[in-house]
Every structure is written in C-alpha cells, then in structure tokens.
Number of protein chains: 2
Amino acid sequence: MAGRATRNVTLRDVAERVGVTPAAVSMALSGSPRISASTAERVKAAAAELGYVPSSAAKALRSQRSGAIALIVPNSTQHVFGHSYFMHVLTGVSSAANERDAQVLVSTSASEASGLTAYERVMRSRTADGALVTSAAIGDRNIERLAASGLPVVLLGNYPDLPDASSVGWDDLSASRMVTEHLIVDHGKRRLLHVTGPLDHQTSVDRREGFLQAVRAHGQEIDAAVVEGDFSEDSGAAALDGTSFGDAGYDGIVFANDDMAFGGLQALRRKGLRSPEDVAIVGFDDFGLSRTTDPGITTVHVPAEELARIAAERLFALIEHPQGSPTRDDLEVSLVRRESCGCPRQDVVLLRD
Amino acid sequence: MAGRATRNVTLRDVAERVGVTPAAVSMALSGSPRISASTAERVKAAAAELGYVPSSAAKALRSQRSGAIALIVPNSTQHVFGHSYFMHVLTGVSSAANERDAQVLVSTSASEASGLTAYERVMRSRTADGALVTSAAIGDRNIERLAASGLPVVLLGNYPDLPDASSVGWDDLSASRMVTEHLIVDHGKRRLLHVTGPLDHQTSVDRREGFLQAVRAHGQEIDAAVVEGDFSEDSGAAALDGTSFGDAGYDGIVFANDDMAFGGLQALRRKGLRSPEDVAIVGFDDFGLSRTTDPGITTVHVPAEELARIAAERLFALIEHPQGSPTRDDLEVSLVRRESCGCPRQDVVLLRD
DNA sequence: CTGAAAGCGCTTACAG
DNA sequence: CTGAAAGCGCTTACAG
C-alpha cells in the first residue's frame with residue numbers, strides 16, 4: 001500500500017524511454033501497421049515497465065468519444081420499479097458494456113426535490129456517448145429533450161407516444177391477458193379484481209388493458225373490477241381494504257406486479273382468507289419475491305436482464321451509426337405457475353410423516 | 001425527436017457571441033469575481049441561448065480530475081453478496097455522489113473468465129478519481145495493486161490484513177454472537193448448527209467466530225457444529241442434507257445470511273419439520289427476503305445503504321486530501337425479531353374467524 | 001513510408 | 001485589474 005501520488009506516466013515518457021515520438025508510441029500501442037514489429041515490441045515493454053495508463057480524458061477529448069454509456073434512472077422509477085428490476089437491468093447493461101470495454105455510468109435523480117434530475121446530469125456532463133432510459137413515465141418530456149440534445153438514446157419499455165425512439169420491451173398487454181385467462185379458463189374464476197400499477201406508466205396501462213380484454217372475451221360470465229395501486233407492497237394490501245371477499249366477493253385477483261401480490265397475500269391472511277383456496281391470486285415480474293412467499297405466487301416471468309443487454313447493444317449500434325433508423329425489439333415473456341393460482345406445487349412437500 | 005447531430009457548442013462560440021475571450025466566458029460561468037456582473041449576465045444568457053454544455057473531457061484533462069468515482073464489484077461478489085446488498089450499496093453511493101455532482105461508474109468483471117477484471121477496468125481507464133470496493137475476498141491482491149496505483153480507495157467491509165486502507169463496516173462478530181445468544185438465552189436452544197458463508201470472505205469468518213464465541217460462553221450446556229455454505233439459497237438447503245434433526249438433532253440453526261436461511265427453511269419443510277416449533281432458525285442481513293417468508297426470519301439488520309454513503313463521503317474526502325490518514329467507520333446493526341426464532345409474530349394475524 | 005504539428009475544449013498561471 | 005498564451009495528453013491529418 002505504498003501509493004504515494006506520482007505524476008502520471010504519459011505517452012511522452014514512454015516515447016523518451018524508447019527514443020521515438022509520442023505519435024509513434026500511440027500508433028505502436030494501437031497496433032498500427034506503420035510501426036515495425038520490433039519497435040512496437042520495445043514500446044510495449046517500456047509502457048509496461050513504466051506502468052503507462054492512457055488518459056481517458058485526453059483520449060475522449062481528442063476522439064470526441066468517451067467510451068461510456070449512461071443508464072438513466074428517473075427519480076420516481078427507482079421507487080416505482082424496485083430494486084430487483086433495476087439490478088437485472090444493471091447486470092444486463094454491464095455485461096454488454098464489458099464486451100465492448102465501455103464504461104457504465106449510473107445516473108439517478110437526487111432523492112430530494114432539489115438537485116438535478118438524472119437526465120440533466122447526463123446531458124450537462126456530456127460524459128456519455130449515449131443513454132439508456134429505464135421505464136420513464138408516460139409523457140416524460142425529458143426523453144424528448146434528451147434525444148433532441150443529439151445524444152443517442154434507447155428506451156427500456158414501451159413508449160407509443162415516442163414512435164421515433166429506439167426501444168426494447170415486451171408485450172405487457174398480451175401477457176396480462178394470458179395470466180388473467182389462466183385464472184378464468186384453467187381455474188374457473190368468475191369474479192375478478194385487478195390491482196393496477198401507477199397509471200402514469202405505460203406498463204400499468206397495458207397490463208390493465210390486458211386484464212380487461214381477457215374479461216371481455218369471457219364477458220357474459222365474468223364480474224370484474226379494477227382498483228388503482230402503485231406497485232408497492234402496501235398498495236397491494238390497501239387495494240383490498242373495504243373490498244368484500246369470500247362468498248360474496250372476488251375469487252381471483254390479478255396484481256400488476258409481484259410486490260403488490262405479496263402485500264395482497266398478507267392482507268388476505270389478515271382477513272382470515274387463504275390463497276389459493278378462498279382467493280386465487282397472480283402477480284407479474286418474477287424477480288425473486290414471488291418464489292419465496294408461501295404460497296408461491298403465480299406470475300409472468302419477464303426477461304429484464306436480456307431487455308437491458310439488448311438495449312445496450314442497440315445503443316452501441318446507434319452510437320456507431322447515429323443516422324440509423326430507430327429499432328424496436330420485442331421479447332418473450334412466460335407464465336410461471338406456482339401455488340397462489342390453485343396450480344399444484346411444483347416441488348414436492350412432505351409434511352411431517 | 002429532431003436531434004440531428006450538430007457540432008458541439010464550445011466556450012469559443014459563447015465568447016464570440018458575447019464579444020469576449022473564451023477565458024472570460026470560463027470565468028464568468030464559474031462565477032469568478034474577475035468578471036463584472038453585467039458581463040457575467042450576458043455570458044450566461046448567451047450560453048443558455050446556444051445550449052452550451054461544458055465538455056467533461058476537456059475539463060477533466062485540464063483539471064486532472066474526472067469528477068467521477070468508481071464502484072468496483074469483483075466478479076465473485078456479484079454472486080456472493082447478491083442483488084439486494086448491491087442495490088443498497090448503489091443507492092448509498094449515488095446519493096452521496098449526487099450531493100457533490102459527481103458521476104458514479106459501476107465496474108464489474110466480465111462474467112466469463114476472459115476479459116478484464118473490475119479492478120483493471122478502473123485502473124486502466126483512469127476515468128475515476130477514486131474507487132470504492134465492495135466486499136472483496138480475503139487476500140485479494142487487486143486491492144493493494146489498486147491502492148498502489150495511486151488511486152484513492154475506500155473499502156466496504158472489514159479487511160484486517162489491510163490496516164492502512166480506509167474502510168467502513170460493522171462488527172459482524174459481535175452481531176453474530178448477539179443473534180446466537182438470542183437463541184441460547186431467550187429461546188433456550190441447546191443444540192446449535194451454524195451454516196457459514198464462503199470462508200474466503202472476512203464477513204463469513206467473523207460471523208462464524210461470533211457464533212463460536214456465543215457457544216463457548218455457554219460451553220457446558222451447548223452442543224454446536226459448523227457447516228460451510230456459500231451464501232446461496234441452495235447451499236443453505238444443502239447444509240441440512242445428511243444432518244440429523246428433530247428429537248436427536250439440532251434445535252436451532254444460525255445461518256450466516258438470509259438467503260441460506262430461506263433455503264434451510266424450505267429444506268426443513270421438505271423433511272417434515274416446522275420452524276420455529278421443531279427447529280428455530282435465524283439469518284443475517286435483512287435486505288428484504290427475511291420479511292417475506294413464512295415464518296418471517298429473525299435476522300440481523302445491516303445498514304448497507306448507510307455503509308455505502310459513508311464510504312463514498314470518505315472517498316471524496318480522500319480525493320480532496322490524498323495525504324490524509326486512513327479512516328475507519330463502524331456502523332451499528334440491530335436484531336430484528338420475527339417468528340422463525342420462536343418470538344411472537346409482530347403483525348397481528350387473525351386466522352379465519 | 002515517416003516525422004512532427006495541429007488541435008480536441010477547457011482553465012489557470014503569466015505577462016502586461 | 002485584464003488579456004491572451006500555454007498546456008493538460010492524446011490521435012490523426014498533413015507535410016516531407
């Protein structure tokens with residue numbers, strides 16, 4: 001742990017050691033054919049010996065490219081979409097960035113209302129070559145400002161209002177219809193409740209619409225209601241307050257995410273109702289929680305890591321070819337059957353024998 | 001979404017618009033008293049009008065400071081410490097960085113064995129003014145190389161082998177002793193099992209030692225055994241295979257983290273044993289999971305977000321004063337009583353009435 | 001083919 | 001007090 005601060009070793013130092021010009025060193029290190037093999041050899045040896053590390057600032061200034069991408073997390077999102085979602089996204093982005101030796105910058109908004117937004121941080125620093133935006137709110141004007149600033153941008157999620165922006169997502173509507181029909185068709189549920197996410201996010205709107213489409217498709221037989229939540233566990237529980245359950249109430253609940261489903265599960269328990277026996281429930285996301293509860297929560301598995309990885313790859317392509325036309329990728333989701341819907345337990349459980 | 005790429009607006013452009021030198025614009029924008037209020041006013045107006053955004057690369061090159069800090073996540077750690085831990089850390093780092101308008105760079109190792117390590121990425125890019133290292137393995141030589149490279153470094157966790165490094169942590173040993181004694185003293189458990197984390201991490205070593213100290217303090221009355229795990233849910237379950245339980249076996253298990261406790265809980269259930277009735281269990285971390293299981297897992301709450309925030313603050317101080325002496329911060333942890341140890345449930349549950 | 005200058009966009013130390 | 005040059009460390013376009 002010696003580490004006293006020494007002056008940075010630069011190209012010049014390496015050049016002097018070898019007896020060539022800095023330009024030659026630069027070319028040698030980047031493998032230019034202009035430099036003879038033997039000189040390149042000596043340059044590399046000298047660079048290693050001196051512990052030369054190129055200055056990213058100088059390189060960025062000269063080449064007008066920082067080699068970094070930013071992951072923008074609008075303030076609300078951090079709360080709205082939760083830790084697990086974000087970690088999957090970060091993992092996907094990092095793995096794509098690592099493959100290209102790019103840096104990943106995470107830009108969040110200040111927690112207090114004061115301070116810059118995550119967007120402003122990225123735009124004002126010009127320190128990233130492009131930006132990824134995770135699940136912004138519907139009509140968030142910052143996205144347009146970001147794109148208008150000339151920075152390549154790829155959005156994670158669905159943004160029908162921004163058809164000119166590149167984005168990667170999955171079909172929340174179909175998925176929500178699918179999981180709702182699972183309750184109706186496979187489990188014969190007839191009195192359904194849907195608890196939405198925050199309706200200023202497209203995801204919530206789409207999941208609600210999927211629920212409603214499933215209900216309409218079986219219209220004559222189904223009673224349905226919708227209550228607004230905000231993706232938080234508490235809102236899942238609160239949605240059930242004042243709602244009548246049991247014989248006279250709902251026999252199935254479609255929560256727009258797993259956190260709310262878990263809140264709902266606890267609320268049901270407090271009301272003395274069992275799931276799935278009294279009320280079947282399903283969630284959405286499958287980021288981990290739904291597997292740990294008892295009963296396990298039937299849900300829609302969503303490929304968040306892949307989403308992010310692909311978005312990052314699209315962003316790199318956009319940085320390379322800024323004039324390319326916008327892209328759209330749609331990923332597959334899948335139904336994960338656990339016990340909360342009434343399906344049999346997958347892993348065998350032997351009660352004490 | 002117009003956003004066709006235009007040449008960057010520079011200080012020169014602003015200077016020409018106003019009719020002063022670039023140097024004057026620079027000073028005006030940084031609020032130098034050398035510039036008159038009226039000129040500063042005109043400069044700011046012109047800058048806003050032109051959409052001037054300073055070049056972070058030029059600023060970094062000139063001032064020899066990037067305004068970014070790196071959060072280094074060694075490859076293994078990502079798996080070892082899990083998503084929740086890391087998200088808490090990232091949240092803490094971001095909030096400290098936002099307060100100082102610093103950028104946060106997340107550096108992970110490539111998932112494949114090929115490619116650079118997270119350390120190398122940071123050292124080789126010189127794109128951060130300092131680095132935070134989350135929970136590296138014991139004897140990880142990269143930490144010393146990082147510090148020797150002259151980069152200010154603050155470590156998250158305990159590193160007795162690196163007494164000269166600044167670090168922030170909490171006392172795993174005492175905490176583990178405390179939670180073990182909870183089982184012994186408050187719940188009268190006498191045949192205890194400890195499932196460790198990966199023993200190449202100081203955290204695991206300390207938690208094991210805390211367990212053993214508690215056992216020794218009640219030596220004559222306690223039977224104790226230790227099994228090695230790796231913090232994964234599966235290893236928590238595997239630790240119980242081949243172990244005898246029930247009347248002839250253990251009546252209490254101290255898991256070194258919550259994920260393993262959850263794995264253990266499921267394994268017990270498969271064996272037909274109930275918790276806490278047949279076997280009391282406790283975990284460690286309280287990052288979320290332990291609250292969602294049934295029964296809830298009694299655990300040690302660990303302030304990971306605060307850890308990271310303080311570490312980032314120490315790092316900024318170190319960047320400012322590289323010659324300052326190393327610092328050490330110790331944070332408080334607390335016991336969270338849930339049901340898995342035998343404590344009564346906190347939230348009231350009315351079973352169907 | 002090769003050598004050495006120009007310049008990326010800033011900020012600050014210097015000259016006047 | 002103020003103006004304008006020097007220079008941070010690179011890379012590439014240019015001159016020879």
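Below, all heavy atoms of this structure are taken into account, side chains as well, without hydrogens, waters or symmetry copies. Order of the sequence lines fixes the chain letters, A, B, ..., with proteins taken first and strands second; residue numbering starts at 1 for each chain.
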Do B:Arg121 and B:Leu105 touch side chain to side chain, with heavy atoms closer than 4.5 Å?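 Not in contact.
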Between [N] atom [atom2] and [X] atom [atom1], what is the distance in whole Å?
X: B:Arg65; N: C:dT12; atom1: CZ; atom2: C1'; answer: 15 Å
X: A:Met27; N: C:dT2; atom1: CE; atom2: C1'; answer: 8 Å
X: B:Arg62; N: D:dG9; atom1: CZ; atom2: C1'; answer: 13 Å
X: B:Leu61; N: D:dG9; atom1: CG; atom2: C1'; answer: 5 Å
X: A:Arg126; N: C:dC8; atom1: CZ; atom2: C1'; answer: 14 Å
X: B:Leu11; N: C:dT11; atom1: CG; atom2: C1'; answer: 9 Å
X: A:Leu29; N: D:dC10; atom1: CG; atom2: P; answer: 10 Å
X: B:Arg12; N: C:dG7; atom1: CZ; atom2: P; answer: 10 Å

Ignoring hydrogens and angles, tell me if any N or O in the side chain of A:Tyr159 forms a donor-acceptor pair with the backbone of A:Ser166 under 3.5 Å.
->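 Such a contact is absent between A:Tyr159 side chain and A:Ser166 backbone.
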Using modelled atom types only, decide if a donor and an acceptor are shared between the side chain of A:Ser94 and the backbone of A:Thr91 within a distance under 3.5 Å.
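Checking the backbone N and O of A:Thr91 against the side chain of A:Ser94, no donor-acceptor pair under 3.5 Å is found.
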query = What distance, rounded to whole Å, do you find between the two P atoms, one in C:dG16 and one in D:dG7?
reply =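 It works out to 15 Å between them.
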Item to check | Neighbours of DNA chain C within residues 52-59 of chain B, by heavy-atom distance under 4.0 Å | outcome: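 Correct list: B:Tyr52, B:Val53, B:Pro54, B:Ser55, B:Ala58, B:Lys59.
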| said: Counting only side-chain heavy atoms from C-beta out, which of C:dG9, D:dA5, D:dT12 sits nearest to B:Ala23? | reply: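 Nucleotide nearest to B:Ala23's side chain: D:dA5.
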Audit row: B:Leu307, B:Tyr85, side-chain contact (heavy atoms from CB on, under 4.5 Å) steps and yes/no: CA-CA 11 Å; B:Leu307 173 86; B:Tyr85 169 75; 3.9 Å; yes
Side-chain donor/acceptor pairs under 3.5 Å, residues 62-72 of chain B, sequence neighbours excluded:
residue	atom	partner	partner atom	Å
B:Ser63	OG	B:Lys59	O	2.5
B:Arg65	NH2	B:Ile319	O	3.4
B:Ser66	OG	B:Ala68	N	3.1
B:Ser66	OG	B:Thr127	O	3.0
B:Ser66	OG	B:Asp129	OD1	3.1

Can you list the residues that meet the side chain to side chain contact (heavy atoms under 4.5 Å, CB included) rule with B:Val153, with sequence neighbours excluded?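 Checked B:Val153 against side chain to side chain contact (heavy atoms under 4.5 Å, CB included); matches are B:Val133, B:Leu146, B:Leu155.
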| message | Restricting to side chain to side chain contact (heavy atoms under 4.5 Å, CB included), what partner residues turn up for B:Glu313, sequence neighbours left out? | response |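 Counting only residues at least two positions away or on another chain, B:Glu313 forms a side chain to side chain contact (heavy atoms under 4.5 Å, CB included) with B:Ala96, B:Glu99, B:Arg309.
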| message | Please tell me if B:Ser26 has a side-chain N or O lying less than 4.0 Å from either OP1 or OP2 of C:dC10. | response |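 Looking at the OP1 and OP2 atoms of C:dC10, neither is under 4.0 Å from any side-chain N or O of B:Ser26.
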Short side-chain N/O contact to C:dG9 OP1/OP2 from A:Gln64, under 4.0 Å
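True: A:Gln64 side-chain N/O within range (under 4.0 Å) of C:dG9 OP1/OP2.
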Would you find more than 12 non-hydrogen atoms of other residues, nucleotides or ligands less than 6.0 Å from [X] atom [atom1]?
X: B:Glu49; atom1: CD; answer: yes
X: A:Arg100; atom1: CZ; answer: yes
X: A:Arg12; atom1: CZ; answer: no

A correct dot-bracket answer for DNA chain C, with pairs being Watson-Crick or G-U at under 3.5 Å, [ ] for crossing pairs and | for inter-strand pairs, is |||.||||||||.|||
Requested in this report: Might you point out which heavy atoms bring B:Val9 and B:Leu50 nearest each other, and give the distance in Å?
Outcome: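 That would be CG2-O, 3.3 Å.
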Query raised in the report: Passes side-chain contact (heavy atoms from CB on, under 4.5 Å), B:Ser55 versus A:Arg126? Steps please.
Result: CA-CA 6 Å; B:Ser55 154; A:Arg126 285 223 167 270; 5.8 Å; no
| task | Check each residue of residues 31-49 of chain B for a non-hydrogen atom within less than 4.0 Å of any atom in DNA chain D, then write out the ones that pass by number, or none. | result |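 Heavy-atom cutoff 4.0 Å gives B:Arg34.
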